[in-house]
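Have a look at the structure below before the remarks.
This chain uses plain numbering: 1 for the first residue, then up along the sequence.
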Amino acid sequence: MDKTILESKEDAVLLQDLEELAADGFPTEQMKGCTVLVTGATGLIGSQAVKALACCNRLRDTGIEILASVRSEEKAKKVFGNLLDRGDVKLVLGDISEPIQYSGRVDYIIHGASPTSSRFFVNNPVETILIAINGTKNVLEFAKRKEIKGMVYLSSLEVYGTPDENAGLIAEDYYGYIDPLQIRSSYSEGKRINECLCASYAAEYQVPVKIARLSQTFGAGVEYQDGRVFAEFMRCAMEKKDIVLHTAGKTVRSYCYTKDAVSALFYIMLKGNVGEAYNVTNRDTRISICDMAQLVCDTFPEAGISVTFDMPEDVSSFGYNPEMIVALDNTKLCALGWQATTDLAGMFRKMRLSIEQRRGASDIM
């Protein structure tokens, strides 16, 4: 392996995150010499999981064979660059909706393949549901056949639906209300049935799968054109444009930094209980959309921007969830030895610097 090939050549912020992960971000001893399959490997979390394992190989000689499951070889080459020439990262081409074609040994699986765009959920609800169910079934069947040592499924805070307004911190045994007749529920219901599918494979076939319920996650590595709210706010600051909200912004969520979320996946996969779910969040980041917009304005005062409101009569086309308070309790995850490292303002600062390093400020403004 050529150790001069780095995991993130253009992004020093992301590279520092990866090296911190490799140094002490998750337990790696039991993964030495193993093979790890990552689905959704060109996504934000999947790609950083791949790169974190590769960084462990470079810095700690862990000898992990990393299989990146992707649909597009072209996109994979853009995401991983010359890291694919190093020898420890290999592509497994194919659509997750079809059975996985790989004949070699696999010890661990990180299953992150999933649609992530709210507009996609609204415009393609049938596909959203079928990709979720068929894809996860294929991964679980593959895991059963390979007799793997561990697996983590990337679920979402959306399984909690709309909690009661007095629910407080939401632990893993709480479930709110989801209207199954709303097409935006295609994503939430897909995640719920997949969690049940994981628990069922664990019970009936002894597949050692655990579940990570991620809060919204961002930081280093986020693409400039990402359509999620945190990226939209960041673009406003970078382009010196006011942040325009199309709702009152009363929804409250907690968030998680990318590096911390990737670390959590490994803690859950390696140390969590089979068939159980773990909330992945920094509970100290609890904030409303409106207040987060103001935080961005305050964090980057040089942008000279403010928060304004433009609320249309019908916001359903935006794919927004109903206004709610979803603040996750991470006590169960912390009991595994995990801890968050980056607060909300730090997440925005690192995301901005990461974007600037990859694109160059002249390409953005």
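Gln206 CD: more than 12 foreign heavy atoms inside a 6.0 Å radius.
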Pair Tyr174-Asp329, side-chain hydrogen bond (donor to acceptor under 3.5 Å, both in side chains): steps then yes or no: CA-CA 10 Å; Tyr174 179 89; Asp329 185 352; over 6 Å; no

Intermediate values then yes/no, side-chain hydrogen bond (donor to acceptor under 3.5 Å, both in side chains), Asn57 and Thr62: CA-CA 5 Å; Asn57 284 344; Thr62 43; 2.7 Å; yes

After noting the C-alpha distance and the side-chain angles of Tyr160 and Arg213, does the key distance pass the side-chain hydrogen bond (donor to acceptor under 3.5 Å, both in side chains) rule? CA-CA 10 Å; Tyr160 295 115; Arg213 291 179 182 157; 2.8 Å; yes

Begin from the C-alpha positions of Thr308 and Asp242 and carry the test side-chain hydrogen bond (donor to acceptor under 3.5 Å, both in side chains) through to its verdict. CA-CA 7 Å; Thr308 63; Asp242 286 347; 5.2 Å; no

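Between Phe26 and Phe266, the ring planes lie parallel to each other; the angle is under 30°, not in the 30° to 60° tilted range.
When all heavy atoms are compared, the tightest approach of Ile243 to Ala293 is CD1-O, 3.5 Å. Shortest non-hydrogen contact noted between Ala261 and Val280 is CA-CG1, 4.0 Å. Heavy-atom minimum distance, Val92 versus Tyr102: CG2-CD1, 4.2 Å.
A distance-only check finds a donor-acceptor pair linking the side chain of Thr285 to the backbone of Tyr255 [under 3.5 Å]. Put simply, the side chain of Lys146 gets close to the backbone of Ser103: a donor and an acceptor are under 3.5 Å apart. Distance alone, capped at 3.5 Å, is enough to place a donor-acceptor pair between the Ser185 side chain and the Asp179 backbone.
Exactly one of Thr35, Leu37, Val89, Leu83 qualifies for a side chain to side chain contact (heavy atoms under 4.5 Å, CB included) with Ile66. That residue is Val89. Shown are Thr281, Leu157, Val252; of these, the side chain to side chain contact (heavy atoms under 4.5 Å, CB included) with Val326 is made only by Leu157.
Ser47 places none of its side-chain heavy atoms less than 4.5 Å from the side chain of Val50. Between Asp107 and Ile148, the closest side-chain pair of non-hydrogen atoms is not below 4.5 Å. For the pair Pro27 and Lys271, the minimum side-chain heavy-atom distance is below 4.5 Å. Side chains of Arg352 and Met234 form a contact here, defined as non-hydrogen atoms less than 4.5 Å apart. Contact of the Leu67 side chain with the Val38 side chain is not registered, since no non-hydrogen atoms from C-beta on lie closer than 4.5 Å. With a 4.5 Å cut-off on side-chain heavy atoms, Arg253 and Ile287 do not count as touching. Using a 4.5 Å cut-off on side-chain heavy atoms (C-beta onward), Ser118 and Arg184 make contact. Looking only at side-chain heavy atoms (C-beta outward), Ile64 and Asp88 stay at 4.5 Å or farther from each other.
When hydrophobic clusters are built by joining Ile, Leu, Val, Met, Phe, Trp and Tyr residues whose side-chain heavy atoms come closer than 4.5 Å, directly or via intermediates, Val209 is grouped together with Ile109.
Other cluster members for Ile133: Ile129, Ile193, joined by side-chain heavy-atom distances under 4.5 Å among Ile, Leu, Val, Met, Phe, Trp and Tyr.
The residues Glu7 and Arg86 are annotated as salt-bridged, a charged nitrogen and a carboxylate oxygen being separated by less than 4.0 angstrom. A salt bridge does not link Arg192 to Glu158: none of the charged side-chain nitrogens sits closer than 4.0 Å to a carboxylate oxygen. Taking the charged nitrogens against the carboxylate oxygens, Glu29 and Lys32 do have a contact shorter than 4.0 Å, which makes a salt bridge. A salt bridge links Lys90 to Glu65: at least one charged side-chain nitrogen sits closer than 4.0 Å to a carboxylate oxygen. The residues Lys77 and Glu73 are annotated as salt-bridged, a charged nitrogen and a carboxylate oxygen being separated by less than 4.0 angstrom.
Aromatic ring centres of Phe230 and Phe218 lie closer together than 6.0 Å.
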